[in-house]
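Residue numbers start from 1 in every chain, and the chains themselves are labelled A, B, ... in the order their sequence lines are given, proteins ahead of strands.
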Amino acid sequence: MTTIALDAMALTMRYRRGWGLRDCTFQLPAGRIAALIGPNGAGKSTLMRIATGLQRQTSGEIHVLGQAPGKHGANRHLAFLGQDKPLYKGFTVDEMLRAGAKLNPGWDDQYARRLVREADVPFGAKVGTLSGGQRTRVALAIAMGRRPELVMLDEPLADLDPIARQEVMHTVLAEVAETGMTVLLSSHVIADLDGVCDHLLLLADGQVRLQGDVEDLLTQHRVLVGSRELVLPDGVVEARTTGRQATVLARTPDVPGWDNNEPSLEELALAYLRSAKKVAA
Amino acid sequence: MIEFRIDRRSGVPAYQQLVNQTRHALRLGLLLPGDQLPTVKEVVATTSINPNTVLKAYRELEHEGLAEGRRGVGTFVSAAPVQPDADGLRAELAGWMKRALADGLDREYVEALVKAELDLHYEGEGR
C-alpha cells in the first residue's frame, strides 16, 4: 500500500471552451475520507474521470495508488461510482452482480450480495425498473464488491432519501473502519460531509483553492467579528460589513481586538467558494 | 456497553464528544472497569462519523489511562476516573451564583462571564 492514494502534479485539462482543471497540485493521504467540494463545473467530475482513466489530461501528472491511470486499464484497487450510476438497464440485479464477478479480479461476491440484501433490492428485478435510490445502492454494492483500496464517489447521495443517505454513508464508513480504505467523496451538501470527512479538497474554476486535513484547516482559520474600524489581519479570505460591524474569515491565529471563533466546515468552505466566485466575476 | 451520540451543532469536536461521554458514563457508573467500549465499526454505524475520529477518541482515553486497547479484540475500560472534590467546588460556585443573582445579573450575563473564564483557564481544551 502506498501512503499517498492520489498524487497530482500540475494536473491540467483544457477543453475547447475553457479549463476543466488548471494546474492542480494536491495529495490525498491513504486512509482518509476526503471531501471534494466545488460548484458545478469546478472540475470535480473531470478529476475523478482522469483518475479512473476514462479521460486523459492535457498536461501534468496524476498517480492513483502509485500508478498513472490508463496504462494497464483502470487501477485494480480503485472503484469509481459516477453520477450517472452506470448499470445496464436490461440486466437484472443478479445478472449485474454476476457481470461484476466476471469483470473484477478479487471480487467479493458474498459482500456485494449482502449489500444488495441490506438495501432491500430484489435480485430478480430489472435494473431499469429500480428507483434512483435503489440503483445507487446496487451500483455501490458493485463498486464495493471490488474491495477497493480507494473509492471515488461522485455525488453518491444526490438522489437518496434521508434513510438511504444514512445507510449508504454507513456502508462506506464501515468499510473504512474495517479495511482502512481511502474515500474521495464529492457533494454539494457540505453539511452531509461534516464529521464524516477528515480531509478537504476544494476546487473552483478548475483550480485547487484549499486542501488539507480538516481539523488543521479549521484550527488555522478564524471567523472574526468586530468593529469595521479595526485593522484587518493578514490572510483574509472573505470580509463582509454590516453597518459598523465587520465579519471576516481569515487564515490566521487569534487576532487581538476581535471576537475570535473557529469556523465550521461549512463556513470555511462557503467563504472560499464565495471568494473564488468574486475573483472570477 | 454504551451508545454514543454526536451533536453536530454543538461546536465541540466529535472526538471530544466521545471522550466526554465515556468519562461521563464512567462517573455515573454506566461503564465499569473491564467493560468493552463499542467497536469502531459499531460507533460508525450508529453515529455516521469518521472512523479515524473514533480511533482518536480511544487513543485519548488510553492516554488518560481510562481505557486500554487489546489488539484484535477491542477497547476496554481500565479504570474509573479519579473523583475530584466536586461537591466542595460546586458549593462554592452556587455561592457565587447567589451573589450574581442578588446583584441583579441576568442569566445571559452570567453565562458570558462563565464562558469567558472557561476560555481563559481551559485554553485549548475543545471549546
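Other residues, nucleotides and ligands place no more than 12 heavy atoms under 6.0 Å from the OH atom of B:Tyr109. Residue-environment remark: CG (A:Asp234) stays at or below the threshold of 12 foreign heavy atoms within 6.0 Å. Within 6.0 Å of NE2 in B:His24 there are 12 or fewer heavy atoms belonging to other residues, nucleotides or ligands. By the 6.0 Å contact criterion, CD1 on A:Ile163 is open, its count of non-hydrogen atoms from other residues, nucleotides or ligands being 12 or less.
Taking 4.5 Å as the heavy-atom cut-off, the residues of residues 164-173 of chain A that approach chain B are A:Gln166, A:His170, A:Leu173, ordered by number.
Considering all non-hydrogen atoms of both residues, B:Pro51 and A:Ile33 come closest at CD-CD1, 3.8 Å.
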Item to check | A:Glu266 and B:Arg8: CA distance, side-chain angles, deciding distance, salt bridge (charged side-chain N to carboxylate O under 4.0 Å, His left out) verdict | outcome: CA-CA 12 Å; A:Glu266 190 160 19; B:Arg8 284 175 204 273; over 6 Å; no
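Most heavy-atom pairs under 4.5 Å with chain A, from the set B:Asn50, B:Asn52, B:Leu55: that is B:Asn50.
Here OG of B:Ser48 is found 10.0 Å from CG of A:Asp192. Values are rounded to the nearest 0.5 Å. Between A:Asp194 atom CG and B:Ile6 atom CD1 the span is 11.5 Å, to the nearest 0.5 Å.
The pair B:Lys41-A:Glu175 fails the salt-bridge criterion, with no side-chain N (NZ, NE, NH1 or NH2) lying under 4.0 Å from an Asp/Glu carboxylate O.
Between A:Leu218 and B:Pro13 there is no side-chain heavy-atom pair separated by less than 4.5 Å.
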